[in-house]
Every structure is written in structure tokens, then in C-alpha cells.
Amino acid sequence: MTPPKEHAKTSWTIADAENYYGLKRWGGPHFSVDDDGYMLVHPEGDQRAIRIHEIVKEAIGKGLKLPLTIRIQDLLRTRVVELNTLFAEAIKDEGYDGRYRGVFPIKVNQLREVVEEIQEAGKAFNYGLECGSKPELMIALAMHKDPKSLVICNGYKDDEFIQLVLAGRRLGKEIYLVVEQLSEVSRIIQISKKLGIKPLIGFRVKLSATGEGKWASSAGEDAKFGLTSPEIIDATRRLKRAGLSDCVKLVHFHIGSQVPNIQTIKKATVEAARFFCELHKMGLPMEIMDVGGGLGVDYDGSRSNYESSMNYTMREYARDVVYNIKNVCSEAGVPVPDIVTESGRAIVAPHSILVTEVCDTISKTSVEAKRSTKRKRNPVLRDLDAILTNEHRSSALERFHDAQQKKEEANNLFNLGYLDLTERAEADSTYWKICKEVAVNSKGDAYVPDELDALPQMMAEQYVCNFSVFQSLIDHWACDQLFPIAPLHRLNESPDVDATLVDITCDSEGKVSKFTDVEDVRSTLRLHELKAKQPYYLGFFLVGAYQDIMGDLHNLFGRVNEVHVFLEDDEEDGFYIEDSIKGFTINDVLGFTQYDGHILTRLMKKQIDRATKADKIKPREGTRMLDEYAELLRGPTYLKTSK
Ligand SMILES: *Cc1c(COP(=O)(O)O)cnc(C)c1O
């Protein structure tokens, strides 16, 4: 049986909370718990900290309901500075003769405030931008100011794209067209001739080294991107003939996102550096080696080569990239290139926190059925009782099997009309009680048989959270990606409820039932019992990369409210909210599916008028109904919780 709750409560400490939710492992110096049990964020990894709960309170005070995205802008800055500083250190320590010239890939988080903050923080390092589509190119061209920083253009390109890049050249930008497809070469030659503007060109090479992890298919010989070695020779020949070979200066590769294993990165870097050296020997004025993205985020904090993790640090990454390029170049007697990375995930993932409120719980055992009072007790009920009291002193697995058999028998009897609803309810109740006991008793056993493995999750409570997995945590649904999750408060109390999370979409896939852990994946998360009239807030962490833009409108929930938070010593709570962005209203999301709020309101009015004429409702009631309908259109799509 579980230890008595009071006992558990007194022995639970803040350190237990930090440990159980893995704060220090996935959050490094950026997350902790204060003495009152509130989760803190340390934007710069030092003493200065903000209670996340206070941000939520202030946002609610501004009329922003949950769910809420909180962007910690100083944490974003910190990551930019960290990456640039670590590369500068690696370059110094290795005595490397080139520079680091990183770019931020816009696709990982396109939000203007995010891109602006990154540019601000990157000014001192000449940190540039990367784009992969026409809209992103239009952002990059207009937002890019520092002439000493790079703009790198990847992705599929049409003639307009190429023309726009050449216009950027005319503006004096160091903007690179990275050739992904052979067909792009002839179009670049043609357009450059027509406009009389020389491009800067890079080759994306298709490496034989492939990655591992969820996004490994970006590389390897079957990838949809990049040039094979014969294509590179062909492209070079064509550019030479067109008198443009002096424009080719860059080699690029990208082995996929979230690369968990440093060995993959080393291998790819060595292979690409070999391409760089060979192109140099072919007489091209090679200057830059672009190692793409892939730098990971340790979502589960296990520092392993598991797909939610990474077995290296940012420091190690910088060192290995610099070292391996230097090594290959010096062996080939080729001057070393400047180094570019297109690290997106590692820059933006940590700065964003999604906060949701638990608005309800679903539990199989919340209501216990009364004992059937029928004089003639059905034998199946007697048998279930005997299993519950464990009359026969059976093993956990045996009890579970017996209970399953009796439950099935009870269902059959019910279907055939031999059990009434009260008896069926009693059978169900007793069955769940047995399952719960078996789950609790085999918890902590060194070996749990497979059949019992699923029991804790089956018996866990479901916490209903006011958000949509499809909008805010799309990678969890689409590719099983794990994100750290923890309560924002009450961390000084022992969490005694084993729970899984479900969202408010009408889709059974809208759930979270896999949680990060150091050693394995957890099937339930320990949370606190809900208290009446007290909101319970959960934070989803490290959600700043990809999730915002890839989320969708399933069930028409759409974008959530958002606040941008800055450190501020003069404020009592150490922060201020600079910006807030309202989530979608119901009117907004209806617009995406070709409805129009005005037309819908008119259609409602017609029906109300008809009902009034037919004397089904009073005119005053009709007017009120219509007002409420119109008002709701302007309101949020998510639940208005009553707490
Ligand atoms: C997506 C992408 C990136 C960003 O990758 P991260 O793993 O998020 O750093 C960089 N370069 C290219 C070409 C990409 O497609």
C-alpha cells in the first residue's frame, strides 16, 4: 500500500521536487524552486530569478486568459551569447585561423519579436540570418542590418527567389545562394547574366554520413536536399564556363535536427570539410564552411544519445566542429574557412514556456458503486469480492488474470440481461479496486511482468488541461517528442497523484502520456491533488522551437495568448511584461474556414426571429441570446475556467 499521505508530505523537500521534475538536468542553471515551492526561471543563469507564477498572475490581470505562452526574452539573448562565446573560445583554444559567423534559421521561430531579440543579442558577434522560403527571405532581407553578418538562403528556389537574393547583393549584403538542386545552377547563371549581378554561391553537399534521431532523413544519399559528388563536379564545370566560378565560396550540409550523438556530427563535419578542401583544390575561392543545424536540446536531461537527449554539450559541439575542420584542412594544406552554424533549436527552445491550467480530472475510481442489495447475490460478484480481499493469497499477476476473467464474465451477464445496472456498477468498481491495488503493490518491484506494466497508466488519473496538443505541442503528437512538464507552484508539497494529461480537443490523440525521465520514459507524472477553488498551473518547458508555427487549428482552438517578459531590477518581482499578443478569437478561427462572424450572426438572428414570431421565446430573451452570441465571437476559443 502507499505510505500514509501525511507522512509523505512532511518528508518531501524542494530538492525532491527539483530532482523528480528534473529541473537541473534539462534546465541547467535556468530553472529552480524557491522555498515557498514556486518554480523560478533564471534568465541569465545567475541569481536573478523570476517566479513564473507571478508572470501568470500579471498576465491574467491584463485580461489574458490561459493557456499562455511566456517568452523569457533575456533567456533567448543568453543562448545567443552562449553559442557565440563558446565558438570564440574554441577558436582561440585551437589556435584556429578563421572566424565563427553563425546565422539563425528563421524557420525555427519566425515571430518578429524573437528574430529581433536574437539580432539585438547577436549584434556584437555579427550573427546573421538563414532562410528557406520566399516569405522567410523577405523577412531576412528587410530585417538584416549588420553588413558584417551573413544571410544564407537554403531551400527550393524559383526565379523570383534568385532575383530577390541578387537584389540583396546590390544592397551590399553578403547573401549566399546555397545550391540544393542541380537545376538551380543554370537558372542562377541565366538570371545573374540578365541582371548583371554576380551572386555568392554555396553548395549543399549530400553526405554519405547520415544522422540518427527523429530528423535523420535530412541527410544521407536518399535525402531530398543537396548535390551528389558527380553533381558538384558538373555544377562547378557549368559555373566555370559561365565565368562565375569565382562566386562559389561556401560548402554547406545539414544532417537533420536534434542530433543526439556527437559522433554523427564529427563524421559529417570531417566529410564536408573534405569536400571543402577538394573544391579549393579545383581552384574555387573557398572561404566558408556551413555545418547547418542539428545542435541538440537535452529535453529529458539524461545527457545520452537517446532521441530526446544529446550526449554532448554546446561547448563540446563548438570544439569538435572547430577541431575537425582544422584537422582536415591542415592535412590537405588548405587555409581554414570561416565557420557558420545554423543552430535554431538550441537557440530558441529554452526561452518559451507554455502554461496551462488543469481544469478537471477523470478517474475510474472517483465514484464508488454501492453494493447491490439483491437478496440473491450473483456468484460473479462474490468471486470478485474474494479476489479483492485476496482470499486465496494469489500473486499480483494471478489476481489480475482472475479479475480480468470475472470482469469479462460480468460484462457478458449484463449483456444477456442477468445483471442489472447496479450489479454491473459494483462489478466494475470492484474490478478497478483490484487493479489499483495490484498496480500499487507491484510498484517498485525489481521485475514487473509485461501485462502489469500498463496498469499504472490505466489506473492513473487523467488531468484535463485547458490547451490543445495539436496547437501547442504538435511534435509530441506527430513524432512522440518529449517535453519536460512540471507544476509552477506547490512544489514544497509531495505530489501524490499519478496522472496523465489530456487536452480539451475532441480527439483521443490529444493527450500526453509519456514523460521525460533520466533513465526511461515515464508513463505517468506525479502531480498534486487539485484543491477546490484553487487553480493548478502546469508548465511545458523548452517549447520555443518549431512548436509555435507548426501547431494547427484542430477543433478550431488556434493560437494562445502570449507575453514577452524582461528582467527588471527596479520592479518588485524582478520583471516586466513588455508585449502581449492576444490569441485567436472565435471570429479569427472561423475566418480561416471561410465563415464570417457577421453572416453567422445574421443567420442566428433569422432563427431567433422565427422563434419569437412563433411565440417560443420572448423578444427580450431573443435579443439577449443574439447579444451573447455576438459577444462570444469576439472571445477566446479556449475554456474560460471558473477558478
Ligand atoms: C531546419 C534547418 C536548420 C535548423 O536546425 P536546428 O536543428 O533547429 O538547429 C538549419 N539549417 C537548415 C538547412 C534547416 O533546414
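Only this structure's heavy atoms are used, side chains among them; waters, hydrogens and symmetry mates stay out. Order of appearance sets the numbers: ligands from 1, and atoms from 1 within every ligand.
Distances below 4.0 Å separate heavy atoms of S343 from the following atoms of ligand 1: 9 (O). Shown in contact with N154 at under 4.0 Å from a heavy atom are these atoms of ligand 1, numbered in order with element: 13 (C). Remark: ligand 1 atoms within the under-4.0 Å shell around heavy atoms of G344 are 6 (P), 8 (O), 9 (O).
Residue contacts with ligand 1 for H254 involve side-chain atoms from C-beta outward but no N, CA, C or O (heavy atoms, distance under 4.0 Å). Here S257 has heavy atoms under 4.0 Å from ligand 1 in both its backbone and its side chain.
Between the side chain of H144 and the backbone N or O of S149, at least one donor-acceptor pair lies under 3.5 Å. Listed for the E180 side chain is a donor-acceptor partner under 3.5 Å among the backbone atoms of G155. Using a distance-only test at 3.5 Å, with no hydrogens or angles considered, a donor-acceptor pair links the side chain of Q181 to the main chain of K224. D298 places a side-chain N or O within 3.5 Å of a backbone atom of R303 that can act as its donor or acceptor partner. In this structure, the side chain of N555 does not engage the main chain of F557 through any donor-acceptor pair within 3.5 Å.
Taking only nitrogen or oxygen atoms, main chain and side chain alike, R345 reaches within less than 3.5 Å of ligand 1. Of the N or O atoms in A346, none lie within a sub-3.5 Å distance of an N or O in ligand 1. For the pair G294 and ligand 1, the shortest N or O to N or O distance falls below 3.5 Å. At least one N or O atom of K107 sits closer than 3.5 Å to an N or O atom of ligand 1.
When hydrogens are left out, the protein atom nearest atom 11 (N) of ligand 1 is E342 OE1, 2.5 Å; that is the closest non-hydrogen contact. Among protein heavy atoms, atom 8 (O) of ligand 1 sits closest to Y546 OH, 2.6 Å.
In this structure, P105 is part of the shell of residues with a heavy atom less than 4.0 angstrom from ligand 1.
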Apply ring-ring contact (aromatic ring centres under 6.0 Å, His included) to Y299 and W26, showing your working. CA-CA 6 Å; Y299 291 96; W26 55 257; 9.7 Å; no
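Evaluated for a side-chain contact (heavy atoms from CB on, under 4.5 Å) with F540, the options I353, V469, T356 yield exactly one hit, T356.
For K24, the NZ atom is densely surrounded, since the number of other residues' heavy atoms within 6.0 Å is greater than 12.
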